[in-house]
2 protein chains.
Amino acid sequence: MCKFFLTYANTSSYMNNTTLKKISEILGLSISTISRALKNHPDISDKTKQRVVELAETLDYEPNANAINLRTSNSKLFGLIVPSISNWFYNAFIASVEEESRKNGYSLMILQSGDDPLIEITNLKLCRQNRITGLFVCISPDTTNIEPFLKLKELDIPVIFFDKVPEINNCNKVCVADSLSATMAANAIVNKKKKKVLGIFGNPHLLITKKRLEAFQNTINEKVNKIKLITDHASSSVEAEEIMLRHLKEKPDTIFCMSDEILIGAMKVVQQKGLKVPQDIAVITISNGGAPKLYYPEITYVETSGHKLGKLAFSSMMACLGGSTFIQELTIESLLVEGGSL
Amino acid sequence: MCKFFLTYANTSSYMNNTTLKKISEILGLSISTISRALKNHPDISDKTKQRVVELAETLDYEPNANAINLRTSNSKLFGLIVPSISNWFYNAFIASVEEESRKNGYSLMILQSGDDPLIEITNLKLCRQNRITGLFVCISPDTTNIEPFLKLKELDIPVIFFDKVPEINNCNKVCVADSLSATMAANAIVNKKKKKVLGIFGNPHLLITKKRLEAFQNTINEKVNKIKLITDHASSSVEAEEIMLRHLKEKPDTIFCMSDEILIGAMKVVQQKGLKVPQDIAVITISNGGAPKLYYPEITYVETSGHKLGKLAFSSMMACLGGSTFIQELTIESLLVEGGSL
DNA sequence: CTGAAAGCGCTAACAC
DNA sequence: GTGTTAGCGCTTTCAG
């Protein structure tokens, strides 16, 4: 006991943490016995277990994750790198991955890159230094070199690319159905017998934009061109607002927005001009579901669910961890959610 | 060299990570020399440093954070527990804290409680197990027992409560100016000579609601009651919508919303009824700034900035870490941001 | 059923 | 300038 109190008095502030050693000294047992007792190992007698568990609780013992990771080389920690968490879609994705992680005994280290490739690399280093078990990553549009990410595979750390994925083949990707979503939106417009559509798309350099634009155009145009289609590109809500304002003179009867960001810009103009939706102008968008519910009537949208994508990414991760070396490119289905805007 | 390759071949997959030992074996130097060289220690000769750094880069060395933390008892890791990241205000707060953390060489572990006290405790344990250096926490409304959080102080881990803080005194808190914000909004309404105000407030059990309601009422009423004030409570956007619909018959000329959530509900009704803002009805809200910009005209709001609060929380944390034992209750100033809605 | 001992990767006296 | 050594807290053979 004397030794115990001596140790106790000696410790620096940080050392107030209870350790196996401390418990073992108080109980007069070995460290390994304490360790086993706390994990409910069959070798240990029930009486011993009880004594140990009791004291551990009294002393508010929490295992040192660093020591465990160091010893076992199994951090039970996932990394998640995303351009920004201030986004409905990524919010939903993260919430979903986090929930699954927690349920499966993993923690999640969430890092934002702010669409800066340099910060992205810093974040990646951080993940590596913390010896993450696996990585979920959505690369920024300006990321040209994905080598650092692929290097993780040499270390047997699975990498699941999500949403914005590299254009190479030998990696795991989970995506929303870009082409299909745009096609579904286009079909919904066709079915409503619309005549003149303004399609506002995102940054033309992004793969997602190219895919959605192409699919949308094709679907609209293959209907023996009875529908007039105007398309334009906006990289922000404010740009979308300007574009909307400019093209309104051409009297479109329907607006298609490629994303929430664009929808928000377009809807400001709808409010500004006092347009009635859908009488004066019909609106349809592609969305995770947050933005369309801001308006009256609620906007009809093709749902690309961040939540579902998160679940998919997680199961893909678990498959990799389970030993699957099968490279997968997975896509979640989209769904038309009818509001009153079309 | 033989030994090196043997080791290499032997290692399990995870062990592909380069370690100081591996470098030391290849270079025929001791581990400590490598360690020093990599930290640019003055004792080490420039030639040695160069050789070491070069090989480390070739081998893609990343220090093992777990080993360092274990050894130094300094994790350079902050924990952040928040009800939800799907929220403009918390988004801004987190982004701000994360940025500051990164700039100061810390990482951030973001955890969501989903307003569930049980998950909150799980998250807290996780933080402790990872031996965080400090904690930022916004408690959920249902959290009754804050003892576990205060216990961190015994371990010399600073805790900064933010936004939703406990009602006790001996802890560090950073908050937005609840009463003042409501007062400012009320004054803005008074200055515009409005006659009949509908104030929609949040969940009546929350401290934030009580404070804002009281300040708002007092300010409106002290103007020799020329202004008629109707107040009601909504716990969600949908409820706000219903309340708005119900009270519209009483013909208020101004709507005050306590939060983004409520604003969104109220604005759906404005759209539904085709009301002109501010001619038919004026609107003012308290917000971080995201939601008011969704509408045309943009909504006038009293800004309670998540970004500023994050900065404040961080500096408060650094003060604690710097040895300050001074318990602080800090508040950020609010600011009236004029849109066109009042 | 319990203990002793080695070692995960790293840092920091302390030697020389 | 460089090496030796001990030890952070934990798991896990191997012995008894």
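Protein chains get the first letters and strands the later ones, always in sequence-line order, with residue 1 at the start of each.
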Asks: For the residue pair A/T18 and A/E62, confirm or rule out a side-chain donor-acceptor distance under 3.5 Å.
Replies: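 A/E62 and A/T18 do not have a side-chain donor-acceptor pair below 3.5 Å.
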Asks: Restricting to nitrogen or oxygen on both sides, can you table the protein-nucleotides 12-16 of chain D pairs closer than 3.5 Å?
Replies:
{"residue": "D/dT12", "atom": "O4'", "partner": "A/R71", "partner atom": "NH2", "Å": "3.4"}
{"residue": "D/dT13", "atom": "O4", "partner": "A/R36", "partner atom": "NH2", "Å": "2.9"}

Asks: What is the distance, rounded to the nearest whole Å, between atom NZ of B/K49 and atom P of D/dG1?
Replies: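 The answer, rounded to whole Å, is 9 Å.
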Asks: Answer yes if the side chains of A/T143 and A/S140 hold a donor-acceptor pair under 3.5 Å, and no otherwise.
Replies: yes
Asks: Indicate the atoms forming the closest heavy-atom contact of B/N91 with A/I85, along with that distance.
Replies: OD1-O, 3.5 Å
Asks: Does A/E54 have any salt bridge (Lys or Arg N to Asp or Glu O under 4.0 Å) partners at least two apart in sequence or in another chain, and if so, which?
Replies: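 A/E54 satisfies salt bridge (Lys or Arg N to Asp or Glu O under 4.0 Å) with no other residue.
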Asks: Look at the side chain of A/A67 and decide which nucleotide, out of C/dT2, D/dG9, D/dG3, has an atom nearest to it.
Replies: D/dG9
Asks: Expressed as a whole number of angstroms, how long is the span from B/N74:CG to C/dC10:P?
Replies: 17 Å
Asks: Quick check for you: among C/dC10, C/dG9, D/dT4, whose closest atom lies nearest to any side-chain atom of B/Y61?
Replies: C/dC10
Asks: B/T33 side chain N/O closer than 4.0 Å to the phosphate oxygens (OP1, OP2) of D/dG3?
Replies: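 Answer is yes, contact under 4.0 Å.
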Asks: Do side-chain atoms of B/K173 reach the backbone of B/D163 as a donor and acceptor pair under 3.5 angstrom?
Replies: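 Not a single qualifying donor-acceptor pair exists.
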Asks: Grab the NZ-C1' distance between B/K21 and D/dT4 for me, whole Å please.
Replies: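 My rounded result for the distance is 15 Å.
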Asks: Does any donor atom in the side chain of A/S75 or A/T133 lie under 3.5 Å from an acceptor atom in the other side chain?
Replies: yes
Asks: Figure out the CG/P separation between A/L20 and D/dC10, and round it to whole Å.
Replies: 4 Å
Asks: To the nearest angstrom, how far is A/K47 atom NZ from C/dC1 atom P?
Replies: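 Result: 8 Å.
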Asks: Round to a whole Å and report the spacing from CG of B/N66 to P of D/dG7.
Replies: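 Answer to the nearest Å: 22 Å.
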Asks: Measure the shortest side-chain to side-chain distance between B/E329 and B/N169 over non-hydrogen atoms and say whether it is less than 4.5 angstrom.
Replies: yes
Asks: How close or far is atom C1' of C/dC10 from atom CG of A/N69, stated in whole angstroms?
Replies: 15 Å
Asks: Roughly how many Å is it from CZ in B/R131 to P in C/dC10, rounded to a whole number?
Replies: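 Whole-Å distance recorded here is 20 Å.
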